[in-house]
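The structure appears below as structure tokens.
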Protein chains: 2
Amino acid sequence: MTSIERTLRADARRNREKIFAAARELFAREGELVQIEEIAAHAGVGIGTVYRHFPTKQALLTEMVRTRFSRFAEIAIECEEMEDPHEAVTCLFRRSAEEVEGDAGFQLAMMGSDQLHWEGIEQEKAAFAAPATRIIDRAVAAGAVREDLTFGDFPMLMCGITSTMYYSPGGAEWRRHLDLILAGLRPGS
Amino acid sequence: MTSIERTLRADARRNREKIFAAARELFAREGELVQIEEIAAHAGVGIGTVYRHFPTKQALLTEMVRTRFSRFAEIAIECEEMEDPHEAVTCLFRRSAEEVEGDAGFQLAMMGSDQLHWEGIEQEKAAFAAPATRIIDRAVAAGAVREDLTFGDFPMLMCGITSTMYYSPGGAEWRRHLDLILAGLRPGS
DNA sequence: ACCTGAACACCGTTCAAGT
DNA sequence: ACCTGAACACCGTTCAAGT
């Protein structure tokens, strides 16, 4: 709980949480198509209350992406514990992708994670980048992946996989995409 | 020139062309952010005239994507002429990607090329699919790429590469993405 | 036949009035 | 302090009036 949330009046904090939960559910289902009025209705508050807690629609969505994204650091840390350097890399890609599955809004966010759209989650990015970089560097050092692989490739490739999820929803087509990507990481290009 | 364009009054046809040219330029530069009013102003006509020629904004954009996309078939046919089966595949990916470069609107279209958004270009898709399928099947038969590669992988992978172009504009980062993809197509996964 | 732009609809955002 | 929803702004789309 942040200090802002701590100092909120009890009813205001409940409202904030209801708005957040509604937004999360609807954003996951409908992506950027969610309307503020719909979120407000679903949360049982007026639109003005939504704007009191989140200055813009974008700010609300960013806040949700932040919480979702923070899971990535945990995943990376878990993958890092794997013995085999190559399996750790595979784990990093696969589990990150699975985390995005089923949340259209989060997928959109991941597609543009380099972009201005999603400023404000720098801290979460850094918390993920540290273990993820170690995983990739270790695999490079062990000769388990192509020697020019860097952490910077991760968001780029993730963007591609996520695009497949978003534009070919429901199916498991993205797993095929992932497999081809992983094949491309093998050493000796 | 389609039969519809042929039967248009001379001034109407000129207007249609001006609208189309304006839309193409602005869509390439601004993507989906282009406003109809801006296109109309740039073409020197009223907004009503834009709607007379194209029933919706989406229809106008689809029409432009259609002309852009028709280049893909030509590219595929040229790539097919290459001696080396593997080089033909590389050519197909690289030149298709280059065709999309520098046109933000077209990139958006390619990202969702499987999707409803871009219905109405089936004919152009088929004209591209035929030579592209031959290129890929030939490379598979020659053992030049992984044996499970199919034409269906092309739009999926293109979607990924195009996402990198769109979300990391200007840079050549997408070429890195392409290189990793191509590496993933090598035989023996 | 075709063109025009005022008017309408929709949705993000603001703010005066209420508790 | 916080909540509410009518009102505003913006942009896609329509349609009555004009040539």
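Residue numbers begin at 1 in each chain, while the letters A, B, ... track the order of the sequences. Only a predicted model underlies this, so the values are computations on that prediction, with no experimental measurement involved.
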Using OP1 and OP2 only, check whether a side-chain N or O of [X] sits under 4.0 Å from [N].
X      : N      : value
N15(A) : dC2(D) : no
H53(B) : dC3(C) : yes
R52(A) : dC2(D) : yes

> What residue pairs, at least two apart or across chains, pass disulfide (SG to SG under 2.5 Å) with a residue in residues 21-50 of chain A?
Replying inline: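 Pairs touching residues 21-50 of chain A that pass the test: none.
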> Going by the disulfide (SG to SG under 2.5 Å) test, which pairs reach into residues 53-106 of chain A, not counting sequence neighbours?
Replying inline: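 Only C79(A)-C91(A) qualify under disulfide (SG to SG under 2.5 Å).
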> Which dot-bracket notation, 5' to 3', represents the base pairing of DNA chain C when pairs are defined as Watson-Crick or G-U with both distances under 3.5 Å, crossing pairs as [ ], and inter-strand pairs as |?
Replying inline: ||.|||||...|||||.||
> Can you name the salt bridge (charged side-chain N to carboxylate O under 4.0 Å, His left out) partners of R52(A), sequence neighbours left out?
Replying inline: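 With sequence neighbours excluded, R52(A) shows a salt bridge (charged side-chain N to carboxylate O under 4.0 Å, His left out) to no residue whatsoever.
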> Can you name the residues that form a salt bridge (charged side-chain N to carboxylate O under 4.0 Å, His left out) with E101(A), not counting sequence neighbours?
Replying inline: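 Testing E101(A) for salt bridge (charged side-chain N to carboxylate O under 4.0 Å, His left out), a comparison that skips the adjacent residues, returns none.
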> Do any pairs count as a side chain to side chain donor-acceptor pair (under 3.5 Å) and have a residue in residues 84-98 of chain B, sequence neighbours left out, and if so which ones?
Replying inline: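 Qualifying pairs: E78(B)-R95(B), E98(B)-R175(B).
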> Taking only residues at least two apart or on different chains, which pairs with a member in residues 35-45 of chain B satisfy side chain to side chain donor-acceptor pair (under 3.5 Å)?
Replying inline: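 Output for this query is empty, none listed.
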> Does anything in residues 151-163 of chain B pair up under salt bridge (Lys or Arg N to Asp or Glu O under 4.0 Å), and if so which pairs, sequence neighbours excluded?
Replying inline: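 Those involving residues 151-163 of chain B are R176(A)-D153(B).
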Starting at [atom1] of [X] and ending at [atom2] of [N], how long is that distance when rounded to a whole Å?
X      : N      : atom1 : atom2 : result
F54(A) : dC3(D) : CZ    : C1'   : 15 Å
R13(A) : dC3(D) : CZ    : P     : 13 Å
K18(A) : dC2(D) : NZ    : P     : 15 Å

>> I'd like to know whether CD of E30(A) has more than 12 heavy-atom contacts from other residues, nucleotides or ligands below 6.0 angstrom.
In response: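 It does: E30(A) CD has more than 12 such atoms within range.
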>> For a quick check, with a 4.0 angstrom heavy-atom cut-off, what is the B/S/- contact string for nucleotides 6-19 of chain C, read 5' to 3'?
In response: B----SSBB-----
